[in-house]
Amino acid sequence: MVNNLSKAKSAFLREAAEQPIIWREWSPQVLEEAKREDKPILIDVGAVWCHWCHVMDRETYSNEGVAMLVNEDFIPVKVDRDEMPDLDRELQNAVFAISGETGWPLTVFMTPSGKVFFGGTYFPPDDMYGRIGFKRLLKNIAEVWKNKRDEIERSAFDPSTISFGGENLELSDAIIQIVGEYDLEYGGLGNSSKFPHPLVDTLMLNYSAISGDDVGKKVSLFTAKKMYNGAIFDQVGGGYHRYTVDREWKIPHFEKLLIDNAEIMLSLVKLYEATNDVDVRDALERTYDFVKREMDMGETFANSLDADSDGIEGYYYTWTLEEMERCLAEDFDLGKKIFGISKSEEVEGRKILLRDLENEKLIQIMGKDKALSKLNSIREKLLECRKERNPPFKDINDYTHPNARMSEAMLYTSTLLGNSYDLPLKILRKVRSSPHRRITGNEEPSLEDMASVALADISAFEISSEREFLDYARDISSAIREKIRSSKPYPLDSPNESSASLISRLIAKMSILEGADLKTEEVKFAGSPSFYAGLIDTNFILQNGALSHVVIVDEGDSLADQLQRTALLSFYPLKVVERVSDSERDHLPSYVRAMFDVKRGSSRAFVCIGKSCSQPVTDQASIKHLLKTKL
């Protein structure tokens, strides 16, 4: 018997088609087979972009000795976490509860009844790296299964029943606790390997705006600049890698995910609105260019880029001095200084680029326009040389959730940069044409899929004023309310935004547009509140009434465009911008309709906080002032 993964839709699963293990795809039939053969289930969860998943596939699962043990004593199942995020989350939480480990690859042992009894992450074939070898582990588990089944049954549990109820904190206390987790020397959370946490950074920004305590804004901007100058940011081509293995953002794992970059862009848009920082704008511009250049597949965005190319980790993104000198010619000395070659780390004997000569210093030396022009000229030279290399593998699976989030991110970023909306609107229309897990598939959509499409539709409505987008968002919101009666939203950001957070923000935005009342919900924390940042953010905003509805009345003059753009680019914790003509007044909440005719004859804006609206204003400065002073 051979495995049938060559027919799988998932690129991660197809890569295992030649392995000697008789892998199955996850399905109800797996449990039936395990019961029939009275064998435990071995589940490997990974992703095509995951470096250590490839290592375990290559060294462990391709090992004939391992394969013999797996095929004889287990029912082996391969799962793509991008394809089945709900299952991945349940298994991650179960393994973390058992072993304290989480991440990918995820190794899970399950009873035929679907209960998890053991798990971990990466296992080498034989004992090494201070970890038990997989051969020895498999033999131990098989022996316990045969001789001490009752012990396994007592310890096993259903991963879908894990409770997240925990500490009951006041929201302000939770935020203070998160501030205490920041690395005040290098930014980000913690003092070892680091993931971006854009939801935490946005929460901190909104906390400062609402409370008047600028510490949140400071740590958010500080982190963004440290990341921008570090190697987690692709200094040549733009975009962010998944995480770094060190505290200082110097040594990334080089995979790039669409969802990560979408969430970072959304966070940076708000940060730029609040700070007008040159580094933040440049990060947005370069990341936008990266997505358009490398992830645009025509009608959809690709899901991810692998970390490796030509069998070398980070090869596509790293350099030798000889390569840089050939590429930059007369700019080589300046390029070495800008990218800190003398100080940078190496991977596989090649230099990782980061910023040593930062923008502030470069501008002091050369002046703003010349400095940024020279920087971009050097980047473009390096980018052209890099295009001659074999690129990393691109996963073109068109998952709905990351495509919708990137559409939303690019819509807001396009407003800031003055770019065309054609690409994100085209992608969003394609996403909406097929509300499934994959855009071109027929799998049932997850709550993340549904909520992210609805949020993207709201952003498209804000920008285009085309009511079809709002109508679609309203329909999805109704469908979500039905779905959550039987499928509870997941509360943890991991670090990508949870379904509970997406839904809470969607409900808040729809309530703003409909003039409905909203109540805060109690948020309980199991572990650090930083993993509930999305939910905390929305609830903190609701608790303090920091919701704004900016209504632009369009009288057909050029002023409406200016007012709309200003409203979109003015910072506020949670805001919806709506542009209407006289014929659309009935769509507005009653408290806006009551003031609609004041100052007729010229385009005007009403800035509403809760159900209290300003007098109409006709200049951009007044919109900014009202949004700033209404907090």
Side-chain angles (χ1 to χ4, degrees), residues 205-206 208-212 217 269-276 281 411-418 421 458-467 469-470 505 508-518 541-542 544-631:
L205 192 63
N206 290 336
S208 281
I210 293 169
S211 69
K217 181 177 177 180
V269 165
K270 293 204 67 155
L271 185 60
Y272 184 76
E273 290 173 356
T275 64
N276 290 314
R281 182 185 178 94
L411 283 167
Y412 288 132
T413 304
S414 295
T415 300
L416 191 153
L417 299 176
Y421 299 120
I458 290 174
S459 67
F461 171 67
E462 290 183 280
I463 285 161
S464 71
S465 304
E466 295 179 25
R467 198 152 291 276
F469 291 110
L470 180 57
R505 192 166 66 259
K509 288 194 171 187
M510 290 303 302
S511 297
I512 290 171
L513 287 159
E514 294 169 355
D517 292 323
L518 270 177
I541 287 168
L542 294 177
N544 289 277
L547 301 97
S548 177
H549 187 187
V550 183
V551 178
I552 312 296
V553 180
D554 185 355
E555 293 277 10
D557 52 33
S558 60
L559 181 58
D561 288 341
Q562 299 171 28
L563 296 175
Q564 182 183 22
R565 176 176 168 78
T566 299
L568 286 166
L569 295 180
S570 296
F571 173 78
Y572 200 81
L574 204 156
K575 174 189 69 191
V576 179
V577 177
E578 184 172 9
R579 179 171 171 173
V580 297
S581 62
D582 184 77
S583 63
E584 296 173 306
R585 67 165 67 194
D586 289 343
H587 293 291
L588 296 170
S590 59
Y591 50 85
V592 184
R593 292 200 305 272
M595 304 177 65
F596 193 89
D597 289 329
V598 179
K599 289 191 177 180
R600 282 189 68 96
S602 173
S603 292
R604 56 205 179 276
F606 297 92
V607 177
C608 305
I609 309 298
K611 295 183 179 181
S612 176
C613 300
S614 70
Q615 289 294 309
V617 296
T618 57
D619 62 290
Q620 299 169 67
S622 293
I623 293 176
K624 293 180 179 180
H625 177 72
L626 285 166
L627 287 171
K628 187 173 183 179
T629 58
K630 287 286 184 178
L631 285 172

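Everything quoted here is computed from the prediction, not taken from an experiment. One-based numbering along the sequence shown.
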Undergrad: Give the C-alpha distance, both sets of side-chain angles, the deciding distance and a yes or no for side-chain contact (heavy atoms from CB on, under 4.5 Å) between Tyr572 and Val550.
TA: CA-CA 11 Å; Tyr572 200 81; Val550 183; over 6 Å; no
Undergrad: With rounding to the nearest 0.5 Å, note down the distance linking NZ in Lys575 to NZ in Lys509.
TA: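 Spacing of NZ (Lys575) from NZ (Lys509) equals 9.0 Å.
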Undergrad: If I take atom CD1 from residue Ile463 and atom OH from residue Tyr421, how far apart are they, to the nearest 0.5 angstrom?
TA: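 Answer rounded to 0.5 Å: 5.0 Å.
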Undergrad: Going by the side-chain contact (heavy atoms from CB on, under 4.5 Å) test, name the single residue among Leu627, Asn206, Leu542 that passes it with Pro573.
TA: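 Filter result, single survivor: Asn206.
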Undergrad: Looking only at non-hydrogen atoms, find the nearest pair between Glu462 and Leu568 and report the distance.
TA: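 Closest pair (atom of Glu462, atom of Leu568, distance): CB-CD2, 4.0 Å.
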Undergrad: Over all heavy atoms of both residues, which pair between Arg600 and Asp582 is shortest? Give the atoms and the distance, please.
TA: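 For Arg600 and Asp582, the tightest heavy-atom pair comes out as NH1-OD1, 2.9 Å.
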Undergrad: Which pair of non-hydrogen atoms, one from Met595 and one from Cys613, has the smallest distance, and what is that distance?
TA: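 Shortest heavy-atom contact: SD-CB, 3.8 Å.
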Undergrad: Could you give the distance from CD (Glu584) to CG (Asp554), rounded to the nearest 0.5 Å?
TA: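 Taking CD in Glu584 and CG in Asp554, the distance rounds to 9.0 Å.
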Undergrad: Looking only at heavy atoms, what is the nearest atom pair of Val553 and Phe606, with distance?
TA: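 Closest approach of Val553 to Phe606, heavy atoms only: CG2-CE1, 3.8 Å.
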Undergrad: Counting N and O atoms only, with roles assigned by atom type, does the side chain of Arg579 sit under 3.5 Å from a partner on the main chain of Ile552, one being a donor and the other an acceptor?
TA: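 Side chain of Arg579 to backbone of Ile552, a donor-acceptor pair under 3.5 Å: no, none is there.
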Undergrad: Checking side-chain contact (heavy atoms from CB on, under 4.5 Å) between Arg281 and each of Leu417, Asn276, Thr413, which is the one that passes?
TA: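 Passing option: Leu417.
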Undergrad: Please round to the nearest 0.5 Å and tell me the distance separating atom OG1 of Thr618 and atom CD1 of Ile623.
TA: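 One gets 9.0 Å once the value is rounded to the nearest 0.5 Å.
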Undergrad: Between Pro589 and Ile512, which heavy-atom pair has the shortest distance, and what is it?
TA: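 That closest heavy-atom pairing would be CG-O, 4.2 Å.
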Undergrad: Rounded to the nearest 0.5 Å, what's the gap from CD1 on Ile210 to CG on Asn544? Could you check?
TA: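 Nearest 0.5 Å value for the CD1-CG distance: 5.0 Å.
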Undergrad: What closest approach, in Å, do Leu518 and Ala508 show between heavy atoms, and which atom pair accounts for it?
TA: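 The answer is CD1-CA, 3.3 Å.
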Undergrad: When rounded to the nearest 0.5 angstrom, what is the spacing between CG in Leu547 and CD1 in Ile609?
TA: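 Nearest 0.5 Å value for the CG-CD1 distance: 8.5 Å.
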Undergrad: Hey, mind stepping through Lys624 and Glu273 against salt bridge (charged side-chain N to carboxylate O under 4.0 Å, His left out) and telling me if it holds?
TA: CA-CA 11 Å; Lys624 293 180 179 180; Glu273 290 173 356; over 6 Å; no
Undergrad: So with a 6.0 Å cut-off around NZ of Lys217, is the heavy-atom count from everything else above 12?
TA: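 Not more than 12 within 6.0 Å, no.
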Undergrad: Test Phe571 against Val269 for side-chain contact (heavy atoms from CB on, under 4.5 Å), laying out the working first.
TA: CA-CA 9 Å; Phe571 173 78; Val269 165; over 6 Å; no
Undergrad: Could you please spell out the steps behind the side-chain contact (heavy atoms from CB on, under 4.5 Å) verdict for His587 and Leu513?
TA: CA-CA 9 Å; His587 293 291; Leu513 287 159; over 6 Å; no
Undergrad: Might you work through the side-chain contact (heavy atoms from CB on, under 4.5 Å) test for Val580 and Arg467, ending with a clear yes or no?
TA: CA-CA 10 Å; Val580 297; Arg467 198 152 291 276; 3.8 Å; yes
Undergrad: Would you verify whether the NZ or CZ of Arg604 falls within 45 degrees of the ring axis of Phe596 while also being under 6.0 Å from that six-membered ring's centre?
TA: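 The answer is yes, since Arg604 meets both limits relative to Phe596.
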Undergrad: Within the side chain of Arg565, is there an N or O that forms a donor-acceptor pair under 3.5 Å with the backbone of Thr415?
TA: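 Pair found, side chain donor or acceptor close to backbone of Thr415.
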